[in-house]
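So you know, we letter chains A, B, ... as the sequences are listed, proteins then strands, and number each from 1.
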Amino acid sequence: MSPPQSGTTMAAESEKRECGFNHTEIEPAWQEAWDEADVFAIPDDAEDPAYVLAMFPYTSGNLHMGHVRNYTITDAFARFERMRGEAVLHPMGWDSFGLPAENAAEDRDTNPRDWTLSCMDSMREQLTRMGFGYDWDRELATCDPDYYRWNQWLFQRFQDAGLVERQAAELNWCPSCETVLADEQVEGEDELCWRCDTPIEHREMDQWFLTITDYAEELYEALDDLDDWPNNVREMQRNWIGKQEGASVAFDISGYDEVDIFTTRLDTIYGATYFSLAPGHPVAQEIAEDNDEVAEYIEMAAAADEDDLDVTSGVFTGEYAVNPATGEEIPVYVADYVLTDIGTGALYAVPGHDDRDHEFASAHDIPIQQVVEPAEDAEADPEDIDVQEAAYTEDGLLINSGEFDGLESEAARDRFVSEFDGEHRTEYNLRDWGISRQRYWGTPIPMVWCNECGAVPVPEEDLPVELPEFVQTTGNPLDATEDWKHTTCPECGGPAERETDTMDTFIGSSWYFLRYVSPDLEDAPFDSERASDWMPVDQYVGGSEHATMHLIYARFFTKVLDDIDLIDGVREPFENLTTQGMVLGEDGLKMSKSRGNGVSPQRIIDEYGADTARLFIMEAAQPEKEFAWDSEGVRSAHDFLQSLYTLATEYSRGEVSTGEGSTIADYVAREIDATAASATSEYEDFRFNHALQAVRELVSLLRRYREVTAVDPGTFENGLVTATKLLAPVAPHVAEEIWAKLGNDGLLAEAGWPAAEAPEDYDLERRLIEDTREDVRDIVETVGIEDPAEITLAVAPAWKHDVADVARDAENVVPAVMQNEDLQRHGEDAADFAKDLAARGHVDQFLSPERELATLQRAAWLIEREFEADVAVLSAKDAPDDLASKAEPGRPAIDIVE
RNA sequence: GCGAGGGUGGCUGAGCGGCCAAAGGCGGCGGGCUUAAGACCCGCUCCCGAAGGGGUCCAUGGGUUCGAAUCCCAUCCCUCGCACCA
């Protein structure tokens, strides 16, 4: 008869459950404990804390895997720094203004404020359940009047500093969102709205601008010194700012104003065979007044969609421009390929040396003139160049350029500036920052329009200009709220209207990292002195989608704030930047609703707990790399946590048999130290996956240790504690639980980081052990030894080490060795060994014979265990001569008896 | 087209002048534990080899070096940014 199956299974399972942890119980409990102990609060008087920051989330209402990854990274790092004894500022807040709230309000019959606040509540709850440790006392929300009043205040300070302008501009208008979009918010060739994919239109409107272009040069140049930023982000910013060094020169067009051109190739000016104006250029417009053909073309170009026009489209104006270099008259065209807002919107065209000019000239039968030929060291042969066929766009030597023939391009560019009365000029792609948005849910721009006085700033004491109640309307709700809109002029007291545009939400995210420093301050946006001490942010982590917009704006704000003395000597906000990679679906593709491959953090927390999710994410890849979700990996992370917990539980219950210290204990002790050391440096380098791998290896070692012998309690417990601490930043709840289980007082979150010194020459020890084990395996296998009974390891004699030491630095190894009196005594043997070493080309570092002996003795148990054989480790003098003679430094002689 | 970053064993992915036939994981194979399975543990996983040896190898081709996966040059391919930018 056999016992009922179900009975045994249930018993086994309940026993297992008894040993394991239940995440639904321990996680909330420890979250509460941290909260009660105020672990994550940082006092205002902290000095230069480690500032660890994740990009604050937009208040969409739910956390996705990208957030979870982002915040796990900063939380782990913040916890790591805290355990190392650093004061840590790790705050959280809400990017809570913006269009989606208005849309959501419309869909759900509520208003943006209520909707946003409820989103914040639910996200805060989710963050807490993940066990992220924030100083919630410093929480901020950009939609809070106490926050956005400072957007308004700062707007006025920018105004004082001459950084605000009202400009008419052709702007990107999304007909669906009914708002102006920044260039950055228009996507792709088709120019689609980033939010709703509607094709955008262009409208001419008056807008408020921040003149970020005043800082273009510094924003560009300072990128070189942001050494701890990813290269690609810096490169993207360089592209975005688009610095171009060149020169401008004036051309006369008879009957019209002088026209300035901008060029980076002034050396080719002798080859200019026509002149071209953008359709939007004022002189083109002027010409159009008297020239129907030009007028027609300009109209057509303005109406045409991008790419509708051929690159060779253009029209001859009948006018001629004088080339200041040659004095020749060249025909003036209006051509769409010349862009109004690039350079000066006018250029002289050199078809011989520019591809687009070449194409245009060919289409319009304009002469092509070569003025540069390849220099001697160039790849191209001057004989092979035929500019009638294709433009030669490289630098070279000038020809057909009058007295300047033979000059190098570079030199010519410099020389021609003065020669032709031009000036050196640097152009940037960066445009001023249009911040006006025709939306409700944003920061009201604190200006009043008065018929008498024009645009008047709202006085400081009247800030904030608060948003009125939301009303449903097709246009801008602020425009529709009459009693809000109508006010009196602060200057003349007459009737006036408020500015109804609100600010771009990127204003709010351009300085939020400063507000965290003093979130409740009532008379300034932030405490200047403290901010100057606490800034810059030491570690900033977020998605690379913010590489240009947010990160440039925040840099711009920081520089301005420094210049207007609100902070002192902080010119860059983010010292280290990490852009985290995407979390892909299990199929390796981007998670999306349509694919249905999304994984909800909520579900993972419910099923496995926050620690498992955090551990899996951190083990999966380095922060900047993308990785695919893998339920196998999640399970493995969970199993690991359970097994460590179980091991600790068993130990704490006295179920692990204990005994005296031994060489095995010594071995384990060294591994513990080495693990702490390597995990620490991996944490420092943001390579959490490597750190966690080391922890897994340590835990595995502890399990084997316990299996093979009665453990030394001090060593074993130290191993458990060390593994737990190293794991704590990533899996904090389980770690606390184990910490308590092992009888420790206080919170692990506040405990000290393990001392992190690897034993001296640990790497050499490791090598010796691994090489030796490898060699034993190799022998057993190659020889085909079925069942090894006895394995003897003999360390090389001291004199061989001496030979190696001499050989390592010697020019001529053999003579150097044989000239050494002590070594001469070993005669032929020494010479032979020296020859061997010489043949290898270089000599490794080795441990001393004594260290080798001790190292192998400590590691002998691993070999014993693996081969189930007795292992003897002998010094050279204790070993039989014929065995010892085969040993070399770093390589013991091995004898295996079956 | 311009720029940045890459191409490593069945897959993934570390390494970035000698310690590299190249970590870890996954997958596969064999063994241990177990009534069995899972978990766990021990190996193997480019080719040859009856004592730790030899050969070939890190996209392709050339080069530097006593020595290259690692440095340089060229080519091909991938990914990402920018792009009618004067």
Side-chain angles (χ1 to χ4, degrees), chain A residues 2 5 8-9 12 16 189 230-240 242-244 246 248 261-266 268 276 278 306-307 309-313 335-339 341-350 354-357 359-360 393 427-429 544 547-548 588 619-622 625-628 630 632-633 636 639 642-643 646 687 689-690 692-694 696-697 700 703-704 707-708 763-764 766-768 770-785 838-846 862 865-868 886 890-896:
Chain A
S2 57
Q5 284 292 331
T8 3
T9 312
K16 195 175 163 194
E189 301 262 318
N231 264 333
N232 65 327
V233 172
R234 291 197 284 175
E235 199 55 31
M236 281 160 81
Q237 295 209 351
R238 283 193 195 102
N239 276 331
W240 192 259
K243 182 176 176 178
Q244 285 274 339
S248 67
I261 60 89
F262 173 76
T263 179
T264 56
R265 289 301 303 273
L266 192 57
T268 62
S276 196
E306 296 281 313
D307 299 330
L309 286 178
D310 196 84
V311 281
T312 60
S313 97
D336 188 58
Y337 83 88
V338 181
L339 306 177
D341 57 354
I342 300 297
T344 60
L347 54 82
Y348 66 76
V350 185
D354 179 276
D355 291 325
R356 287 176 318 273
D357 295 348
E359 211 175 332
F360 189 90
T393 57
E427 285 283 321
Y428 301 90
N429 212 11
S544 63
T548 46
E619 280 184 327
Q622 321 210 50
K625 304 223 164 162
E626 63 178 23
F627 70 88
D630 171 32
E632 200 60 48
S636 151
D639 290 345
Q642 287 289 11
S643 85
T646 304
R687 291 194 295 205
N689 56 335
H690 291 181
L692 293 165
Q693 186 185 316
R696 276 192 185 244
E697 279 163 20
S700 158
R703 258 197 306 258
R704 277 175 284 153
E707 234 167 69
V708 80
D763 291 346
L764 293 178
R766 195 74 252 145
R767 277 215 68 64
L768 177 65
E770 291 312 327
D771 285 352
T772 304
R773 294 179 68 187
E774 190 70 43
D775 283 344
V776 174
R777 274 173 215 140
D778 218 355
I779 293 167
V780 168
E781 198 185 341
T782 317
V783 178
I785 299 171
R840 291 176 203 171
H842 87 111
V843 181
D844 290 327
Q845 288 290 336
F846 299 113
L862 292 167
R865 185 159 177 270
E866 183 174 336
F867 297 96
E868 290 175 359
K886 286 191 254 172
R891 179 151 234 217
I894 299 167
D895 185 58
I896 303 172

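Classification of A:R704 and A:E707 as a salt-bridged pair fails, no side-chain N sitting under 4.0 Å from a carboxylate O. Electrostatic pairing of A:R777 and A:E781 does not count as a salt bridge here, judged by no charged N lying under 4.0 Å from a carboxylate O. A salt bridge links A:D775 to A:R891: one of the charged nitrogens lies within less than 4.0 Å of a carboxylate oxygen.
The residue A:S700 sits close only to the backbone: its heavy atoms come under 4.0 Å of sugar-phosphate atoms, none of a base. Among the atoms of the strands shown, only primed sugar atoms or phosphate atoms (P, OP1, OP2) are found under 4.0 Å from some heavy atom of A:R865. Residue A:L764 is out of contact with every strand shown, counting any heavy-atom pair closer than 4.0 Å. Across all strands, A:T264 comes closer than 4.0 Å only to sugar-phosphate atoms, never to a base (heavy-atom distances). Residue contacts for A:D357: at a heavy-atom cut-off of 4.0 Å it reaches no nucleic acid atom on any strand shown. Nucleic acid contact for A:V350: none, since no nucleic acid atom lies under 4.0 Å from a heavy atom of the residue. Here A:D630 lies out of heavy-atom contact (under 4.0 Å) with every strand. Within the nucleic acid shown, A:R703 comes within 4.0 Å of sugar-phosphate atoms alone, with no base atom in reach, counting heavy atoms only.
When the C1' atom is used for both B:C77 and B:C66, the distance is 34 Å, rounded to whole Å. Separating the P atom of B:G49 from that of B:U60 is a span of 27 Å, rounded to the nearest Å. If you take atom P in B:C76 and the same atom in B:A21, they sit 32 Å apart, rounded to whole Å. Taking the C1' atoms as reference points, B:A14 lies 11 Å from B:G25, given to the whole Å. Taking the C1' atom of each, B:A59 and B:G6 are spaced 11 Å apart, rounded to whole Å. Rounded to a whole angstrom, the distance from the C1' atom of B:G3 to that of B:C71 is 23 Å.
Here the P atom of nucleotide B:A83 and the CG atom of A:D355 are 19 Å apart, to the nearest Å. Atom CZ in A:R773 sits roughly 10 Å away from atom C1' in B:G43 (whole-Å rounding). Counting to the nearest Å, the C1' atom of B:G43 and the CD atom of A:E868 are 12 Å from each other. Protein atom CD of A:Q693 is 11 Å distant from nucleotide atom P of B:A23, rounded to whole Å. The separation between A:R696 atom CZ and B:G25 atom P is 9 Å, rounded to whole Å. In this structure, A:I896 atom CD1 and B:A50 atom P are separated by 16 Å, rounded to whole Å.
The nearest heavy atom of RNA chain B to A:R891 and to A:E866 marks one nucleotide each, and the one closer to the 5' end goes with A:E866. With RNA chain B read from its 5' end, the first of the two nearest nucleotides for A:T782 and A:E774 is the one closest to A:E774.
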Under 3.5 Å, which N/O atoms of the protein pair with N/O atoms of nucleotides 13-18 of chain B?
unit_1 : atom_1 : unit_2 : atom_2 : d
B:A14  : OP1    : A:Q622 : NE2    : 3.2
B:A14  : OP1    : A:K625 : NZ     : 2.6
B:A14  : OP2    : A:K625 : NZ     : 2.9
B:G15  : OP1    : A:R687 : NH1    : 3.2
B:G18  : O2'    : A:H842 : NE2    : 2.6

Find every protein N or O atom lying less than 3.5 Å from an N or O atom of nucleotides 2-7 of chain B, and list the pairs.
unit_1 : atom_1 : unit_2 : atom_2 : d
B:G3   : O2'    : A:E235 : OE2    : 2.5

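Atoms OG and OH, on A:S313 and A:Y337 in that order, are 10.5 Å from each other to the nearest 0.5 Å. The CD atom of A:Q244 lies 8.5 Å from the CG atom of A:N429; values are rounded to the nearest 0.5 Å. To the nearest 0.5 Å, atom CD of residue A:Q622 and atom CZ of residue A:F627 are 12.5 Å apart. Rounding to the nearest 0.5 Å places OG1 of A:T344 at 7.5 Å from CD of A:E427. Interatomic distance, A:T312 OG1 to A:D357 CG, rounded to the nearest 0.5 Å: 12.5 Å.
Donor-acceptor pairing under 3.5 Å, judged by distance alone, is absent between the side chain of A:D778 and the base of B:G52.
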_Which nucleotides of RNA chain B pair, in dot-bracket form (Watson-Crick or G-U under 3.5 Å, | meaning another strand)_ = ((((((((.[[[..)..(.....]]]((((((.......))))))(((....)))...[[[[[..)....]]]]])))))))....
_Step-by-step side chain to side chain donor-acceptor pair (under 3.5 Å) determination, A:R703 to A:S643_ = CA-CA 10 Å; A:R703 258 197 306 258; A:S643 85; 2.9 Å; yes
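For A:R696 and A:S636, the side-chain atoms include at least one donor-acceptor pair closer than 3.5 Å.
A:R767 has no side-chain polar atom (N or O) that falls below the 4.0 Å cut-off from OP1 or OP2 of B:C19.
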